[in-house]
> 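Before we start, here is the structure in question, set down as structure tokens.
Chain letters run A, B, ... following the sequence lines, proteins first, then strands; residues in each count from 1. Atom set for the values below is all heavy atoms of this structure, side chains included, hydrogens, waters and symmetry mates excluded.
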Amino acid sequence: MASGNTMARFSMLQALAPASGGATPDERNGHRVRDFDAAADEICFFEDNLPSTYGGGGVTIDTYWMASTATSGDIKVGAAYEENDPNNVDLDADSFGTESTATGTANATCGKVWKVTLTITHANMGSPAAGDPFRLRIKRVASDGADTMSGDAELHNVHVKET
Amino acid sequence: MALLSDPDRAAAAAELMQLLSLDREPCDALKAEIRAFIDATDTWQDQNAASYNSALPVGPRTKMTAAQKSRGFEVVSKKRYQKGA
């Protein structure tokens, strides 16, 4: 697969939450979002299969956010990949690879979407094969000092591309 | 009553941010500034508790507990907020 080609797209209808510490489902003018708290780290998951055309280049993940209330400040986003290859990984335990992080700045209008882009190397993905199932974890690292934005950060959608 | 503890102030800041988020009420203050607001408000309430108590009519001043007066203060503040004060 060529660099930049879409591998997966996720709306918040596909978001999955953990037993605790999960971003909460919400709706904004008919748009489904997931609210990530400002005072504690929260996460959500997405599941899919790597396309059969994945070429081993790692992934670039565009995450699209809105602020519930803020018109300034930064959020720190984390992304981690869990390879769920058949007959190998025990899904009863988490096995995410090294988390990548990036920060993004809120738009001056709290209803406007802004993008935070992260990259995960093929190695940190667990060196998956094309077609393998996977789980993607998106986190707001609210506990980090670089996360300065007050109020919830609302994840609107996620676009995964080959790097 | 003594000043709120650091964890209690952090919880108050988190609660305020949640309330603003639920209402999607635009606010330009950063997280640290929200926390500074909470700290200053707690300090002001602590420093002015005696003055506030003295301003109350003698009836409620003597018959209501400190916790009940705090709750009443919250009710009035909330109503003023709702009315756009």
> Between A:Asp74 and chain B, which part of the residue has a heavy atom less than 4.5 Å away: side chain, backbone, both or neither?
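When you check distances to chain B, no heavy atom of A:Asp74 falls under 4.5 Å.
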> Less than 4.5 Å to any heavy atom of chain A: does that hold for the side chain of B:Ala14, its backbone, both, or neither?
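Both parts, backbone and side chain.
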> Going by heavy atoms in the side chains, are B:Leu30 and A:Ser72 under 4.5 Å from each other?
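Yes, close enough: below the 4.5 Å cut-off.
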> Say whether A:Val158 and A:Phe45 are linked into one hydrophobic cluster, either directly or through other cluster members, by side-chain heavy-atom distances under 4.5 angstrom.
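Hydrophobic grouping puts A:Val158 apart from A:Phe45.
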> Does the A:Ser150 side chain pair with the main chain of B:Ala29, one donor and one acceptor, at a distance under 3.5 Å?
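Yes; at least one donor-acceptor contact below 3.5 Å.
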> Using a 6.0 Å cut-off, check whether atom CZ of A:Arg32 has over 12 heavy atoms from anything other than its own residue.
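12 or below, so no.
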> If you measure from CG on A:Asp35 to CD on B:Gln18, what distance do you get to the nearest 0.5 Å?
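So the gap between those two atoms works out to 7.5 Å.
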> Counting heavy atoms not belonging to B:Glu15, are there more than 12 under 6.0 Å from its CD?
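No, CD of B:Glu15 has 12 or fewer neighbouring heavy atoms, counting only those of other groups under 6.0 Å.
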> Taking OH in B:Tyr52 as the centre, count heavy atoms belonging to other residues, nucleotides or ligands within less than 6.0 Å. Is the count above 12?
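Above 12, so yes.
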> Does B:Ser21 reach the side chain of A:Thr69, with side-chain heavy atoms less than 4.5 Å apart?
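Yes, close enough: below the 4.5 Å cut-off.
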> Would you say CZ of A:Arg9 has more than 12 non-hydrogen atoms from neighbouring residues, nucleotides or ligands within 6.0 angstrom?
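Not more than 12 within 6.0 Å, no.
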> Between chain B and each of A:Gly151, A:Ala39, A:Ala67, A:Cys110, count heavy-atom pairs under 4.5 Å; write down the option with the most.
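Of the options given, most contacts go to A:Gly151.
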> Against chain B, label A:Ala108 side chain, backbone, both or neither, depending on which of its atoms sit under 4.5 Å from a heavy atom there.
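For A:Ala108, neither part sits under 4.5 Å from chain B.
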> Before you tell me yes or no, could you show the steps for A:Asp26 and B:Arg24 under side chain to side chain contact (heavy atoms under 4.5 Å, CB included), namely the whole-Å CA-CA distance, both residues' side-chain angles and the distance that decides it to 0.1 Å?
CA-CA 12 Å; A:Asp26 197 1; B:Arg24 290 212 176 89; 2.9 Å; yes
> With a cut-off of 6.0 Å (strictly less than), are more than 12 heavy atoms of other residues, nucleotides or ligands near CG of A:Asn29?
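Count not over threshold, so no.
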> Would you compute the distance between atom CE of B:Met17 and atom CE of A:Met149 and round it to the nearest 0.5 angstrom?
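Answer for the CE-CE pair, B:Met17 versus A:Met149, is 9.5 Å.
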> Around B:Arg71, counting heavy atoms of other residues, nucleotides and ligands shown, do more than 12 lie under 6.0 Å from its CZ?
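Atom CZ in B:Arg71 is not crowded, with 12 or fewer foreign heavy atoms closer than 6.0 Å.
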> Heavy-atom pairs under 4.5 Å with chain A - which of B:Ala32, B:Pro26, B:Cys27 has more of them than the others?
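Highest number of pairs under 4.5 Å: B:Cys27.
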> Report which part of B:Ile34 has an atom under 4.5 Å of a heavy atom belonging to chain A: side chain, backbone, both, or neither.
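Contact with chain A: side chain only.
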> More than 12 heavy atoms of other residues, nucleotides or ligands under 6.0 Å from CD of A:Glu27: yes or no?
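Correct, the count exceeds 12.
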